[in-house]
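To keep things clear, I will list the structure first and then write my remarks on it.
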Amino acid sequence: ITPGMVRDYLVLLDQRREKPLAMSTKSKQCGVLRQVLMLALEDGVIDIIPPMPKMRTVDKPRVSFTDAEYARLLEFARVTADQRETRVRGVPVSREHYNLIVFAVHSFLRPTETELFGIRFCDIEVMDDDPKHLLMTLTGKTGFRKSASMRAAVDIFEKQRDLHADRRETDYVFMPEYANRTTAVNTYRRIFNYFLQETGLKKDKDGNDRSPYSLRHYALQTRLVKSDGKVNIYWLAENAGTSVEQLERFYLKNLAPSSAKVRNIQSFGND
């Protein structure tokens with residue numbers, strides 16, 4: 001088996017489809033082939049694993065918000081919830097849906113069944129250290145981790161406790177009335193999309209669609225910017241359940257230079 005044979009295989013896959021496979025999918029196909037060939041190598045069937053063809057992939061942008069857009073989204077969500085008149089697919093919009101937005105940003109959690117919608121009251125400990133924060137025990141996309149929130153998440157957590165005064169500690173923090181967490185995720189996504197549509201924020205300036213994940217992107221982007229270059233990106237990546245490589249690929253290279261970076265670039269030896 002040679003790299004040329006693998007390329008022929010990828011061409012065959014494209015010929016059997018109306019549209020060619022994405023480069024990322026072809027890269028995954030090559031990964032699977034390599035794993036199979038590794039088994040053949042271990043069994044002595046082959047002597048060497050041929051190099052896989054390089055797939056040129058283009059990173060999709062991490063769609064986020066500007067500070068002004070995020071403020072507009074929050075204001076609309078808060079006013080709509082307090083009016084208690086709006087229903088989305090029969091579900092009343094409430095303060096809980098506003099709290100979800102704020103908590104997502106200040107906890108860095110993914111809006112998934114295992115993280116934001118999987119966290120229970122018993123998974124969170126309020127830490128009175130300076131600064132005050134939540135210590136969250138998670139089993140998310142990247143496995144088990146303990147994660148610290150920003151200070152603002154503490155207030156939202158206390159408000160959720162008040163909203164669900166008859167809770168059990170094993171209840172979910174957000175939308176616990178939905179035993180099926182897929183239903184909870186889908187319900188929230190529809191309400192979040194309503195907020196985006198009504199505020200004209202569904203698409204960014206480049207025409208990319210926003211989603212609940214955009215809140216996580218905004219959270220990481222904002223932390224990198226507002227720290228003025230002081231945040232330790234390794235700790236931030238570890239805390240958010242991602243990697244330094246991801247931060248560098250999708251966030252750091254797209255940020256405008258911070259004031260600290262500009263000062264450093266313009267510094268002189270005697271400064």
Side-chain angles (χ1 to χ4, degrees), residues 65 67 70-140 145-196 198-199 211-216 218-219 222-223 239-241:
F65 296 92
D67 288 344
Y70 175 64
R72 191 159 91 233
L73 174 70
L74 275 188
E75 176 66 11
F76 180 81
R78 182 185 61 77
V79 170
T80 304
D82 289 348
Q83 289 175 343
R84 300 183 181 182
E85 298 175 353
T86 303
R87 289 176 175 266
V88 177
R89 294 275 290 269
V91 178
V93 175
S94 70
R95 267 289 178 140
E96 183 152 27
H97 304 120
Y98 168 86
N99 290 347
L100 264 163
I101 294 174
V102 181
F103 193 87
V105 169
H106 292 278
S107 67
F108 309 105
L109 297 186
R110 295 177 176 87
T112 60
E113 296 173 38
T114 56
E115 292 199 14
L116 185 58
F117 291 91
I119 198 163
R120 302 170 187 261
F121 287 100
C122 59
D123 296 326
I124 298 178
E125 184 178 357
V126 178
M127 309 299 288
D128 290 322
D129 306 343
D130 187 20
K132 195 172 184 179
H133 64 279
L134 301 176
L135 181 62
M136 303 172 289
T137 302
L138 302 160
T139 306
R145 77 177 190 273
K146 285 190 177 289
S147 181
S149 75
M150 300 293 287
R151 187 193 298 269
V154 178
D155 181 55
I156 296 298
F157 180 62
E158 298 294 353
K159 288 178 178 178
Q160 284 301 114
R161 278 177 165 173
D162 294 339
L163 276 177
H164 302 289
D166 58 346
R167 70 188 181 281
R168 294 170 298 179
E169 285 302 298
T170 54
D171 285 346
Y172 296 107
V173 176
F174 294 101
M175 302 172 69
E177 65 273 20
Y178 296 97
N180 186 320
R181 300 317 286 168
T182 301
T183 303
V185 171
N186 291 337
T187 300
Y188 171 67
R189 186 178 65 249
R190 286 192 289 267
I191 292 173
F192 186 75
N193 281 334
Y194 169 78
F195 292 157
L196 294 178
E198 292 300 307
T199 52
S211 71
Y213 252 99
S214 300
L215 295 173
R216 174 175 160 88
Y218 172 73
T222 303
R223 192 82 294 277
N239 192 68

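We're numbering straight along the sequence, starting at 1.
- Ring-plane geometry between Tyr188 and His97 is classed as parallel, the angle between the planes falling under 30 degrees on a 0 to 90 degree scale with a further cut at 60.
- Judged by the 6.0 Å and 45° rule, Arg223 forms no cation-pi pair with Phe108.
- Inter-residue side-chain proximity for Pro176 and Glu96 is flagged as met; some heavy-atom pair is nearer than 4.5 Å.
- Taking Arg151 as the reference, nothing meets the side chain to side chain donor-acceptor pair (under 3.5 Å) condition, with sequence neighbours excluded.
- Counting heavy atoms from C-beta on, the side chains of Phe195 and Ile101 come closer than 4.5 Å.
- Counting only heavy atoms from C-beta outward, the side chains of Val185 and Tyr178 never approach each other to under 4.5 Å.
- Of the charged side-chain nitrogens involved, at least one lies within less than 4.0 Å of a carboxylate oxygen, so that Arg110 and Glu115 count as a salt-bridged pair.
- When side chains are defined from C-beta on, Thr112 counts as touching Tyr213, because their heavy atoms get closer than 4.5 Å.
- Residues passing the ring-ring contact (aromatic ring centres under 6.0 Å, His included) test with Phe65: none are found, sequence neighbours excluded.
- With a 6.0 Å cutoff to the six-membered ring centre and a 45° limit on the axis angle, Arg95 counts as a cation-pi contact of Tyr98.
- A heavy-atom distance below 4.5 Å is found between the side chains of Leu163 and Asn99.
- A donor-acceptor pair under 3.5 Å links the side-chain atoms of Asp171 to the main chain of Arg168, judged by distance alone.
- Checking Arg189 against Asn186 by side-chain atom types alone, a donor-acceptor pair falls below 3.5 Å.
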Taking only distance into account, with no hydrogens and no angle test, what donor-acceptor pairs under 3.5 Å do side-chain atoms of residues 122-139 form with protein atoms, sequence neighbours excluded?
unit_1	atom_1	unit_2	atom_2	d
Asp123	OD2	Arg120	N	2.9
His133	ND1	Pro131	O	3.0
Thr137	OG1	Lys146	NZ	2.8

